[in-house]
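Each chain gets a letter, A, B and so on, in the order the sequences are listed, and its residues count up from 1.
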Amino acid sequence: MPSDIRVRFAPSPTGYLHIGGARTALFNWLFARHHGGKFVLRIEDTDIKRNTEEAMAAIYDGLQWLGLNWDEGPHVRGEFGPYLQSERTELYAKYLKKLQDTGHIFDDQGALRFRSPREHVIVDDIVCGKIDFDLSNPATHPDMTIRRPDGSWIFHFVNVIDDLEMKISHVIRGEDHLSNTPKHIEIIRALGATPPHYAHIPLILNRDGSKMSKRDEGARVEYYIRRGYLPAAVRNYLCLLGWSPKDNREKIDLDEIIRIFDLKNIGRSSATFDPDKLHWLNGEYARELSDSEFYGLAVAKLGSSGVNLDKFPETYVRAALQTCEGKINTFDELPAYCGFYFTDDLNYDPEAVTKQFTPENKPRLREVSDALRTLEQFDAAGIEATLKATAKKLGLKVGAIVHPTRLAVTGSNVGPSLYHLIEVLGKEKVLARIDHALATF
RNA sequence: GGCGCGUUCGUCUAGUGGUUAGGACACAGCCCUCUCAAGGCUGGUGCACGGGUUCGACUCCCGUACGCGCUGCCA
């Protein structure tokens with residue numbers, strides 16, 4: 001038996017998808033998937049001036065990136081369309097007429113207002129519980145405008161009409177709408193209809209406690225796409241903001257979240273977005289990537305950051321990238337991490353230089369060079385054995401020669417396994433780089 | 001100002017009258033180790049405040065403070 005659960009995400013096209021909006025969409029989507037219901041996407045573009053193709057594309061792209069497919073809405077259609085409010089004006093006029101005929105509307109200098117019945121309205125919210133709003137005082141709760149003198153519609157009205165028309169069963173939205181809800185219910189009742197169920201989810205705040213706004217770079221989903229985050233990680237992190245599996249799990253498969261998702265487990269207090277935790281969680285997902293997944297994402301990232309891979313054989317690139325697996329949390333860290341594979345023009349880290357390129361280390365580095373030069377089996381195992389033997393010969397711990405060698409060969413004091421990276425680079429390049437380094441101090 | 005909501009480590013959270021207040025991120029130290037990660041171990045920091053109710057409150061009630069939201073011819 002098909003579920004009659006129908007939820008919607010109703011963003012306005014403001015030019016990008018807000019991370020809070022994405023979480024709202026996610027909770028709606030999870031609720032729909034959990035119950036086998038429908039997830040509807042509706043674009044609230046009543047403000048024609050702000051309605052652009054690019055703005056809507058940002059919403060579609062962001063949702064798709066997060067894997068939040070919609071069952072009805074733009075592109076996929078559905079029996080309750082159209083799904084852009086700008087194309088539904090006749091419908092709103094019809095409902096307006098109904099309200100006018102029953103005496104609920106009055107004209108205020110060309111604008112139309114809904115006359116409040118002036119009563120108490122109880123909002124029975126799935127997350128917030130029963131809340132009693134006293135709407136009897138017109139001074140504190142003025143009659144709300146539903147249409148401007150120029151004929152354009154106000155959010156409070158069209159939002160309610162569309163939810164009714166689209167047979168939305170549950171309205172899951174940000175808590176910033178909680179105070180508006182009793183007024184929405186007044187309109188619905190005036191229409192003789194039954195309000196949907198409501199679930200108001202807590203807001204997402206910045207570190208400093210302020211509401212996340214467009215000005216914060218991490219506030220848009222696009223930021224995480226660009227920075228090389230994994231959608232599964234961002235999605236997982238977003239789930240943890242305000243919702244909890246209640247059993248201390250952090251990394252949870254999507255299927256599992258769908259299975260256990262329950263609006264009753266949504267908290268009531270606002271949550272602060274923690275980039276560090278997202279970064280960690282992304283690393284958890286990144287470490288699980290297969291060779292080919294890692295390779296694909298890595299090549300894309302290197303390409304978009306201007307690293308030219310064309311002049312290198314694919315086997316070389318694959319081998320190089322393989323040494324980076326499990327080492328980075330987000331892909332935007334990769335170019336700096338593995339750039340030495342794809343250029344001979346190394347910039348030695350100044351701090352590492354003062355530490356490693358010392359008079360004492362110069363002869364040691366020569367020893368390393370000589371030893372590697374005579375190595376026949378130039379693979380990680382052979383290289384490791386060679387370095388260890390060299391260290392022993394010099395009466396040193398292997399770390400003492402590893403550090404200057406790494407700096408000479410990669411320009412940095414951090415990076416992939418030295419033995420493996422030397423193998424990938426190959427004897428010729430490695431010797432040349434050590435020679436070059438030796439000439440600098 | 002009015003109305004509404006909220007307040008457990010720095011952050012995300014578990015917790016529903018009796019717990020050594022648990023986990024995770026971050027942080028610090030140690031171990032492992034060719035660096036960095038990863039992994040393992042250890043550590044510190046928390047129930048906003050004041051009244052009740054109760055044999056007993058983080059848990060229930062009332063205030064206060066603080067934060068957030070709404071109060072638009074924005075959504």
*Asks:* What is the per-nucleotide protein-contact pattern of nucleotides 36-48 of chain B, from the 5' end, where B denotes a base atom under 4.0 Å from a protein heavy atom, S denotes such proximity for sugar-phosphate atoms only, and - denotes neither?
*Replies:* BSSS---------

*Asks:* Judged by each residue's nearest nucleotide on RNA chain B, which is more toward the 5′ side, M144(A) or S179(A)?
*Replies:*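 On the 5' side of the pair lies S179(A).
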
*Asks:* Need the pair for C74(B). Rule: Watson-Crick or G-U wobble, both distances under 3.5 Å, any strand; none if unpaired.
*Replies:*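 Its partner: none found.
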
*Asks:* Find the distance L396(A):CG to C34(B):C1' and express it as a whole number of Å.
*Replies:*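 These atoms are roughly 14 Å apart.
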
*Asks:* Is there a donor-acceptor contact under 3.5 Å linking the side chains of N282(A) and T330(A)?
*Replies:*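 No, T330(A) and N282(A) have no side-chain donor paired with an acceptor closer than 3.5 Å.
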
*Asks:* Looking at C25(B), which nucleotide sits across from it as a Watson-Crick or G-U wobble partner, both distances under 3.5 angstrom, or is there none?
*Replies:*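 Pair assignment: C25(B) / G10(B).
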
*Asks:* What integer distance in Å separates K277(A):NZ from U11(B):P?
*Replies:*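 In whole Å, U11(B) P lies 13 Å from K277(A) NZ.
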
*Asks:* Starting from the 5' end of RNA chain B, give me the residue, Q85(A) or L278(A), whose nearest nucleotide shows up first.
*Replies:*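 This one resolves to L278(A).
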
*Asks:* Rounded to the nearest angstrom, tell me the gap between atom NE2 in H120(A) and atom P in C3(B).
*Replies:*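 Atom-to-atom, H120(A) to C3(B), this comes out as 12 Å.
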
*Asks:* May I ask you to decide whether K94(A) forms a salt bridge with E90(A), counting only side-chain N to carboxylate O separations under 4.0 Å?
*Replies:*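 Not counted as a salt bridge, because no side-chain N and carboxylate O are separated by less than 4.0 Å.
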
*Asks:* Relative to the ring of Y16(A), is the ring of H18(A) parallel (under 30°), tilted (30 to 60°) or perpendicular (over 60°)?
*Replies:*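 Ring orientation of H18(A) relative to Y16(A): tilted.
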
*Asks:* Could you tell me whether the side chain of S417(A) has a donor or acceptor atom within less than 3.5 Å of a complementary atom in the base of C34(B)?
*Replies:*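 Donor-acceptor pair under 3.5 Å: yes.
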
*Asks:* Rounded to whole angstrom units, what separation is found between the CG atom of D125(A) and the C1' atom of G69(B)?
*Replies:*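 Those two atoms, CG and C1', are 14 Å apart.
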
*Asks:* Please determine whether any donor N or O and acceptor N or O are separated by less than 3.5 Å between the side chain of R268(A) and the base of C5(B).
*Replies:*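 Per atom types, no contact qualifies.
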
